[in-house]
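Ligands are counted one by one from 1 in listed order, and the atoms in each one are counted from 1 as well.
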Amino acid sequence: MKTILITGGAGFLGSNLCGRLLKEGNRIICVDNFLTGSKENIESFLTDQNFKFVEHDIIDPLFVDEDIDEIYNLACPASPVDYQDNAIRTVKANTIGVINMLGLARAKNAKIFQASTSEVYGDPLEHPQKETYRGNVNPDGPRACYDEGKRCAETLFFDYQRTHNLKIKIVRIFNTYGPNMASDDGRVVSNFIIQALKGEDITIYGDGNQTRSFCYADDLIDGFIKMMASDNQITGPINLGNPDEFTVNELARKVVELVGSKSEIVFKDLPIDDPTRRCPDISLAKENLEWEPKIKLQEGLLKTIEYFKTKI
Ligand code: NAD
Ligand code: UDP
């Protein structure tokens, strides 16, 4: 039985990861400050004797008595609305918070995993994006707290590896959706499904021709676990995402159709620095982890629609 610490464990991906690793027979220490996560996401685990919850902000040093085998560092607001509302805390989580978690990994001789992001590529000029692409990020715009924060977190991971020989694992996650997403966090999949279920207008930002590639949470969690279990020389960064690329217009039409909704589509202003195209090249994940997503957009959306029906 491994002891695994998950920061951001009460969030969307963190709670899916806690559930999966508990089911596989591990002991989980879930660390979260509920900035964007919720107690509801972890409620069903609280009675499990292998699950321990620690309410804590990773910006403050964390002391743990137990031995720890693995750390998954997911603590950081992920939706553009949330991280822009908490810009300075986002930078702190990705710098001071990351240093604290790297220090904990060093003290415990634990392997440490970083949830990085496709946002390190900014508004990419190369398609699809390979890990070797250095990105096109505006360092001063409203998305920079997240994009540059996550880039600095990757730098810190490699500096700790070079300096202290730490075992590091970095994945760059592309847009992921599924159960336990917060219904009010402003991300496109949750927004469209909630709007369609309520019969409200579907809000497309800009002309809707921008693209994203949407990965279902279960597929992504498989990738996390394969990455953590990979040989020590595999550090990443490795892209994890679904390479099927859709425009936001296509997503809106699909959600309306699957819900069977009467919602109208309306167009609103495009947020500043909103990336035009985003699609992962996942050759490295296929080669190093034998991983690729299995769940198609329609199947994943149907499961997510069922989840949100219980929430409204
Ligand atoms: P989320 O907002 O649902 O979860 C983040 C969790 O971290 C929340 O429970 C929040 O309360 C917690 N948290 C935030 N700051 C914290 C702090 N300082 N101390 C302790 N806890 C803190 O987001 P998510 O979609 O589950 O994302 C999880 C991770 O994956 C994030 O690091 C995010 O950047 C990364 N990621 C997600 C996606 C995606 O599409 N979901 C894409 C790229 C990267
Ligand atoms: N978007 C939209 N309507 C919404 C929410 C988002 O058209 O109600 C767009 C947003 O402008 C972006 C894409 O959908 O082009 C994905 O946005 P999201 O916030 O989910 O994540 P991002 O990929 O931008 O980090």
Side-chain angles (χ1 to χ4, degrees), residues 6-18 30-39 41-42 54-60 62 72-84 86 89-94 96-98 100-101 113-120 123 143 146-147 149-150 153 171-178 180-182 185-195 200-215 217 220-221 224 239-242 246-249 251-252 255 265-278:
I6 302 173
T7 75
F12 159 46
L13 294 176
S15 57
N16 278 290
L17 182 64
C18 286
C30 170
V31 176
D32 205 292
N33 65 351
F34 293 129
L35 178 62
T36 55
S38 72
K39 198 153 188 193
N41 280 346
I42 53 167
V54 181
E55 188 165 347
H56 180 85
D57 188 325
I58 64 158
I59 293 167
D60 299 320
L62 176 64
Y72 285 87
N73 185 45
L74 272 60
C76 175
S79 126
V81 174
D82 287 336
Y83 65 66
Q84 289 173 37
N86 295 282
R89 293 177 81 167
T90 298
V91 176
K92 283 187 179 172
N94 284 307
I96 304 168
V98 164
N100 286 333
M101 293 308 104
F113 170 107
Q114 169 65 0
S116 190
T117 170
S118 54
E119 286 282 318
V120 300
D123 190 2
R143 293 177 89 101
Y146 186 74
D147 302 8
K150 291 282 187 179
V171 297
R172 291 182 178 157
I173 306 164
F174 284 65
N175 296 60
T176 302
Y177 66 99
N180 291 11
M181 285 184 97
D185 77 3
R187 284 187 267 192
V188 68
V189 174
S190 43
N191 266 13
F192 285 2
I193 293 178
I194 298 277
Q195 289 162 345
E200 293 170 354
D201 289 346
I202 307 279
T203 54
I204 291 182
Y205 302 157
D207 62 11
N209 289 325
Q210 69 271 36
T211 69
R212 294 294 186 272
S213 312
F214 300 101
C215 186
L220 188 82
I221 300 299
F224 279 16
N239 289 338
L240 292 181
N242 192 319
F246 295 90
T247 65
V248 168
N249 285 324
L251 178 73
V255 169
I265 290 178
V266 298
F267 293 87
K268 305 241 173 185
D269 289 345
L270 188 70
I272 298 168
D273 291 340
D274 198 274
T276 315
R277 280 188 77 183
R278 196 187 276 153

Taking the side chain from Asn242 and the backbone from Ser213, do they hold a donor-acceptor pair closer than 3.5 Å? no

Give the protein residues with at least one non-hydrogen atom closer than 4.0 Å to an atom of ligand 1, ordered by chain and number. Gly8, Ala10, Gly11, Phe12, Leu13, Asp32, Asn33, Phe34, Leu35, Thr36, Gly37, His56, Asp57, Ile58, Leu74, Ala75, Cys76, Pro77, Ala78, Ala115, Ser116, Thr117, Tyr146, Lys150, Ile173, Asn175, Thr176, Arg187

Between Asp82 and Thr36, does any side-chain donor sit less than 3.5 Å from a side-chain acceptor? no

Closer than 3.5 angstrom, by distance alone: can the side chain of Ser79 be matched with the main-chain N or O of Asp185 as a donor-acceptor pair? yes

Indicate the ring-plane relationship of Tyr72 and Phe224, choosing parallel, tilted or perpendicular according to the 30° and 60° boundaries. parallel

Heavy-atom nearest pair, Val120 first then Asp147, reads CG1-O, 4.5 Å

Check this for me: does any side-chain nitrogen of one of Asp57 and Lys92 sit under 4.0 Å from a carboxylate oxygen of the other? no

Determine yes or no for a side-chain-to-main-chain donor-acceptor pair under 3.5 angstrom, with Asp32 supplying the side chain and Phe34 the backbone. yes

Minimal non-hydrogen separation, Ser15 against Asn180, with atom names: OG-ND2, 2.8 Å

Any protein N/O atoms within less than 3.5 Å of an N/O atom in ligand 2? List the atom names and distances, or say none.
{"from": "ligand 2", "atom 1": "3 (N)", "to": "Thr203", "atom 2": "O", "distance (Å)": "2.6"}
{"from": "ligand 2", "atom 1": "7 (O)", "to": "Tyr205", "atom 2": "N", "distance (Å)": "2.8"}
{"from": "ligand 2", "atom 1": "8 (O)", "to": "Asn191", "atom 2": "ND2", "distance (Å)": "2.8"}
{"from": "ligand 2", "atom 1": "8 (O)", "to": "Thr203", "atom 2": "O", "distance (Å)": "3.2"}
{"from": "ligand 2", "atom 1": "8 (O)", "to": "Thr203", "atom 2": "OG1", "distance (Å)": "3.0"}
{"from": "ligand 2", "atom 1": "8 (O)", "to": "Tyr205", "atom 2": "OH", "distance (Å)": "3.4"}
{"from": "ligand 2", "atom 1": "11 (O)", "to": "Asp274", "atom 2": "OD2", "distance (Å)": "2.7"}
{"from": "ligand 2", "atom 1": "15 (O)", "to": "Gln210", "atom 2": "NE2", "distance (Å)": "3.0"}
{"from": "ligand 2", "atom 1": "15 (O)", "to": "Arg212", "atom 2": "NH2", "distance (Å)": "3.3"}
{"from": "ligand 2", "atom 1": "15 (O)", "to": "Asp274", "atom 2": "OD1", "distance (Å)": "2.6"}
{"from": "ligand 2", "atom 1": "15 (O)", "to": "Asp274", "atom 2": "OD2", "distance (Å)": "3.4"}
{"from": "ligand 2", "atom 1": "20 (O)", "to": "Val188", "atom 2": "N", "distance (Å)": "2.8"}
{"from": "ligand 2", "atom 1": "23 (O)", "to": "Asn175", "atom 2": "ND2", "distance (Å)": "2.9"}
{"from": "ligand 2", "atom 1": "23 (O)", "to": "Arg212", "atom 2": "NE", "distance (Å)": "2.7"}
{"from": "ligand 2", "atom 1": "23 (O)", "to": "Arg278", "atom 2": "NH1", "distance (Å)": "2.7"}
{"from": "ligand 2", "atom 1": "24 (O)", "to": "Arg143", "atom 2": "NH2", "distance (Å)": "3.0"}
{"from": "ligand 2", "atom 1": "24 (O)", "to": "Arg212", "atom 2": "NH2", "distance (Å)": "3.2"}
{"from": "ligand 2", "atom 1": "25 (O)", "to": "Arg143", "atom 2": "NH2", "distance (Å)": "3.0"}

Under a 4.0 Å N-O cut-off, is there an ion pair linking Lys150 with Glu119? no

